[in-house]
Amino acid sequence: MSARKPLIAGNWKMFGRRADLAEMTALAERIGPASAAIDVLICPTAPYIAAAAQTARITPILVGAQDCSPVADDAARTGEVSAAMLAETGAGYVIVGHSERRQFHGESNELVRKKAEAAMAAGLIPIVCVGETRAERDAGRATAVVAAQVAESVPDKGSNLVVAYEPVWAIGGDRIPTVPEIEEIHSVVRRTLAERFGAAADGIRILYGGSVSPKNATEVFSAAGVDGALVGRASLKAADFAGIILAHPAAVR
Ligand code: 13P
């Protein structure tokens with residue numbers, strides 16, 4: 001098993017209201033000692049980060065954000081939230097470049113890199129998302145697309161970051177890539193990071209995301225090079241998310 005501590009992150013997207021924060025304490029109860037061996041992270045929407053962080057104080061669960069401004073300093077940017085503000089509010093991680101932001105907000109690799117840099121400057125750990133579309137995979141371009149996204153979206157400034165491979169076509173459905181397909185992309189990501197960071201790349205966790213569920217988690221975690229998961233729908237309910245976490249081979253039962 002790798003020396004990297006697994007990370008299993010829940011991306012609540014624009015779901016999960018204040019009442020749903022109770023799922024965090026329910027989750028902590030369900031996973032018990034597994035949280036010692038696995039970093040478990042919940043990323044609610046920005047208005048709930050402070051309350052989530054308050055709830056997390058009595059649990060081992062970590063709290064993160066789903067996006068941040070590329071502008072590091074306080075500035076006139078109506079509607080934006082800076083990484084420093086997220087950190088002050090209780091976030092330790094921030095997802096950047098999720099495919100929904102790339103798709104619905106036109107985010108480029110360059111913008112994603114700036115957001116990741118702003119996150120690092122504020123002491124947050126960015127989770128940089130990459131992944132090919134169905135058309136790109138069908139055209140045999142999946143590895144090239146993902147390698148280019150990693151090269152262009154990951155900042156040079158330090159390697160305290162996470163990369164999440166989320167094939168766009170596997171998000172929000174019920175299909176996941178095969179284990180060999182996941183392994184192929186994860187090895188491409190690791191090679192691209194090693195070219196950039198040398199030995200320091202060994203510490204970077206690479207997650208798989210896209211329709212991870214309690215049913216397929218064992219299969220996903222069996223893939224070589226997978227250091228954890230970024231989970232959407234199945235992270236909203238403690239029972240489902242715990243099912244995924246407890247399926248990880250590092251989970252102490
Ligand atoms: P689902 O797990 O709902 O497919 O979402 C994956 C995702 O986009 C996590 O960031």
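Keep in mind that what you see is a predicted model, and the values were worked out from it rather than measured. In each ligand, atom 1 is the first atom listed, and ligand 1 is the first ligand listed.
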- Message: Is the ring pair His186/Tyr165 parallel, tilted or perpendicular, if the boundaries are 30 and 60 degrees?
- Response: perpendicular

- Task: Identify which one of Val145, Val188, Val128, Leu193 satisfies the side-chain contact (heavy atoms from CB on, under 4.5 Å) criterion when paired with Val150.
- Result: Leu193

If you look at each N/O of ligand 1, which protein N/O atoms lie under 3.5 Å away, and at what distance?
unit_1   : atom_1 : unit_2 : atom_2 : d
ligand 1 : 2 (O)  : Ser211 : N      : 3.4
ligand 1 : 2 (O)  : Gly232 : N      : 2.9
ligand 1 : 3 (O)  : Arg233 : N      : 2.9
ligand 1 : 3 (O)  : Arg233 : NE     : 2.6
ligand 1 : 3 (O)  : Arg233 : NH2    : 3.4
ligand 1 : 4 (O)  : Gly172 : N      : 2.7
ligand 1 : 4 (O)  : Ser211 : N      : 2.8
ligand 1 : 4 (O)  : Arg233 : NH2    : 2.8
ligand 1 : 5 (O)  : Lys13  : NZ     : 3.2
ligand 1 : 8 (O)  : Lys13  : NZ     : 2.9
ligand 1 : 8 (O)  : His98  : NE2    : 2.8
ligand 1 : 10 (O) : Asn11  : ND2    : 3.0
ligand 1 : 10 (O) : His98  : NE2    : 2.9
ligand 1 : 10 (O) : Glu166 : OE1    : 3.1
ligand 1 : 10 (O) : Glu166 : OE2    : 2.9

- In terms of hydrophobic clusters joined by side-chain contacts under 4.5 Å, are Trp169 and Tyr208 together? no

- Item | Sidechain-backbone polar pair: Glu23 side chain, Lys237 backbone, donor-acceptor under 3.5 Å | no

- Task: Verify, without hydrogens or angle tests, whether Ser211 (side chain) and Ala170 (backbone) share a donor-acceptor contact under 3.5 angstrom.
- Result: yes

- Item | Lys/Arg N to Asp/Glu carboxylate O, Glu110 vs Lys114, below 4.0 Å | yes

